[in-house]
Amino acid sequence: MPESHEFDLLCRGCEKVLSEHELRAKLALGRPLRVKLGVDPTAPDIHLGHSVGLSKLRQFQDLGHEAILIIGDFTAMIGDPSGRSVTRPQLTHQQVLSNAKSYQEQAFKILSRERARIVFNGEWFEAMSFEEVIKLNSRVTLQQMLVREDFRERIDKGQPIRAHEIQYPIMQGWDSVMIKADVELGGTDQLFNIMVGRDLQREEGQPRQVCMVMPILEGLDGKQKMSKSLGNYVALNESPGDMFGKLMSISDELMPKYYRILLSEELSAGGHPMESKKALARRITARFHSEADAAAAQAEFETRFSKKDLASADLPAFTPGGAARDIVSLLVEAYGQCFQLTKSRSDARRLVEGGSVQWRGEKVADPKAVLPQGEPGVLKLDKTRAVRIG
RNA sequence: GGGUAGGUUCCGGAGUGGCCAAACGGGGUGGACUGUAAAUCCACUGGCAUUGCCUUCACAGGUUCGAAUCCUGUCCUGCCCA
């Protein structure tokens, strides 16, 4: 492939490439480049937000380059302060390692196993002596660390910034030094961290990595970036039904962004927004499952939500274990058994009083209602959840 | 170390002895309307129980018939000074 074509392909979808001529020069070297992408296993799931960088990394792989996925088992314990207004909770190494395990599996839903290297940054950080840490820290100035806007904001608002938080960019940068990265990928919020990597590489006499940042995928709420802790995400290992359903809930306003970022294309004008959204949901679901699964998810979605036909919908089976058949007890039990959600009885009562609960298509508005023993039927809990009894 | 301002329910932020489970805003949840969209409107938003009870206002004690509100000590944070 001619270099210029490769260059164009790689730059597609990037928000910024620093610098383009350096990337061209690297590509012209004629050897596989070491392309770095770091993820911090702060939660067990990889979501669509992560998929943006991973897909770009995959593209590099397909062009013959080497993908280096850094699992930040060590940095995850610190927590990336990027875009944060409060200190992240610190995780134990054990939590992080267990998250890391499921991360790897999910990452290979996108990455090819060929030309991929997975590296834990604990590999070098764990072995570092305090002396080395000090030495590393002496390479940067406090002012450099504090210019970033999220820190500025916290200073302005009088919110604390703990000393360990400014270590984060330095550590991420050191990762680049350790693997001699040619390119580092990340979201736009990673620009600062990646640039620190360049500085450290220069200090170490290494050629500096090219920084390629991708747009940040907004979460389902359309307000903040997609993240586990905000609960506005779609995980890669979710069921086709959940994936499809969640994508159907995004706002019309958000749709063009999802088209652009996840499908790398422009949403064509005209057409009913709902149809465009179904197409989006269908294609993304198919990407992580199969076309057949996606089609089934869509069909299920349509019977369930468009036709509101709960009776023929594919619902989780609920077998009340307790003897109590009053509606509140049943709800609490169903949430726990079928959805792993702990609801208080007050909460369940509120749902009943709010008119969301239905038994066999009939609204149950009385919290004291008692369902007949042993009768089969569908119990609707809330907007998106229902179970089948019997 | 000194000075000073603070720590309230998911967040912001009222409340300075009883009428406080605690205003108001945001967020969230449920409902109406719809396209599981947006906007709008309504309700709910500590727990258990249906007129009540229990646990909450950094923590531990204390004063009071009665405290988020007063006192004492402790912990934590911002700012200023060293």
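What you see is a predicted model; the values in this text were computed from it and never measured. Each chain gets a letter, A, B and so on, in the order the sequences are listed, and its residues count up from 1.
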Subject >> B:A5 pairs with, by Watson-Crick or G-U criteria that keep both distances under 3.5 Å >> reply: B:U77
Subject >> Distance, rounded to the nearest Å, where A:Q358 contributes CD and B:A32 contributes P >> reply: 8 Å
Original post:
Quick check: does any side chain N or O of A:Y258 sit under 3.5 Å from a backbone N or O of A:I250, one acting as donor and the other as acceptor?
Top reply: no
Original post:
What is the nucleic acid contact for A:G355, judged by heavy atoms within less than 4.0 Å: base, sugar-phosphate only, or nothing?
Top reply: sugar-phosphate
**OP:** Just name whichever nucleotide pairs with B:G12, Watson-Crick or G-U, keeping both distances under 3.5 Å, else none.
**Re:** B:C24
**OP:** Between B:G47 and B:G3, how far apart are the C1' atoms? Round to whole Å, please.
**Re:** 43 Å
Original post:
Counting only Watson-Crick or G-U wobble pairs whose two distances fall under 3.5 Å, which nucleotide matches B:A60?
Top reply: B:U72
Original post:
Taking the same atom, P, in B:A37 and in B:A60, what whole-Å distance lies between them?
Top reply: 46 Å
**OP:** Is it possible for you to check whether A:K246 lies under 6.0 Å from the centre of the six-membered ring of A:Y233, through NZ or CZ, and within 45° of that ring's axis?
**Re:** yes
**OP:** Taking only Lys NZ, Arg NE, NH1 and NH2, and the carboxylate oxygens of Asp or Glu, determine whether A:R58 and A:D62 approach each other closer than 4.0 Å.
**Re:** yes
Original post:
With rounding to whole Å, what would you report as the distance between B:C20 and B:A68 at their P atoms?
Top reply: 13 Å
Original post:
Counting any heavy atom closer than 4.0 Å, what does A:R162 reach on the DNA or RNA strands: base, sugar-phosphate only, or nothing?
Top reply: sugar-phosphate
Original post:
Within the structure shown, what part of the strands sits under 4.0 Å from A:K380 by heavy-atom distance: base, sugar-phosphate, or nothing?
Top reply: sugar-phosphate
**OP:** Give one of base, sugar-phosphate or nothing for A:P273, where a contact means two heavy atoms less than 4.0 Å apart.
**Re:** base
Subject >> Listed nucleotide nearest any side-chain atom of A:K223, set B:A37, B:U29, B:G27 >> reply: B:G27
Original post:
With a non-hydrogen cut-off below 4.0 angstrom, is A:K277 in contact with a base, only sugar-phosphate, or nothing?
Top reply: base
**OP:** Taking only the side-chain heavy atoms of A:S344 (C-beta and beyond), determine which of B:G30, B:G78, B:C48 contains the nearest atom.
**Re:** B:C48
Original post:
Taking the C1' atom of each, how far is B:C76 from B:G28, in whole Å?
Top reply: 29 Å
Original post:
When you check the gap from the basic side-chain N to the acidic O, do A:E291 and A:R282 get nearer than 4.0 Å?
Top reply: yes
Original post:
When you measure from the side chain of A:R350, which nucleotide among B:C44, B:G35, B:G30 comes out closest?
Top reply: B:C44
Original post:
If we take the C1' atom in both B:G61 and B:C48, what is their distance in whole Å?
Top reply: 29 Å
Original post:
Hey, which of A:R115, A:R34, A:K26, A:E6 is the one that makes side chain to side chain donor-acceptor pair (under 3.5 Å) with A:H65?
Top reply: A:E6
Original post:
Between B:A5 atom P and A:K157 atom NZ, what is the distance in whole Å?
Top reply: 24 Å
**OP:** Starting from the 5' end of RNA chain B, give me the residue, A:K308 or A:K383, whose nearest nucleotide shows up first.
**Re:** A:K383
Original post:
Taking the side chain of A:S346 as its heavy atoms from C-beta onward, which of B:G30, B:G47, B:G35 lies nearest to it?
Top reply: B:G47
Original post:
How far does the C1' atom of B:G12 sit from the matching atom of B:U4, given to the nearest Å?
Top reply: 24 Å
**OP:** Scan every strand shown for a Watson-Crick or G-U wobble partner of B:C41, both distances under 3.5 Å, and answer none if you come up empty.
**Re:** B:G31
Subject >> Flag if over 12 foreign heavy atoms under 6.0 Å of CD, A:E375 >> reply: yes
**OP:** Take atom P in B:A21 and the same atom in B:C53, then report the distance between them in whole Å.
**Re:** 10 Å
Subject >> Whole-angstrom distance between B:G35 and B:G27, as gauged at atom C1' >> reply: 25 Å
**OP:** Report yes or no: is the cationic atom of A:R148 (NZ for Lys, CZ for Arg) closer than 6.0 Å to the six-membered ring centre of A:F151, at no more than 45° off its axis?
**Re:** yes
**OP:** Using a heavy-atom cut-off of under 4.0 Å over every strand shown, decide if A:S251 touches base, sugar-phosphate, or nothing.
**Re:** sugar-phosphate
**OP:** Check every strand shown and say whether A:D382 touches a base, only sugar-phosphate, or nothing at a heavy-atom separation below 4.0 Å.
**Re:** sugar-phosphate
Original post:
Base, sugar-phosphate alone, or nothing: which one does A:R349 contact when heavy atoms must sit under 4.0 Å apart?
Top reply: base
**OP:** Please give the nucleotide sitting opposite B:C48 as a Watson-Crick or G-U wobble pair, both distances under 3.5 Å, or none.
**Re:** B:G52
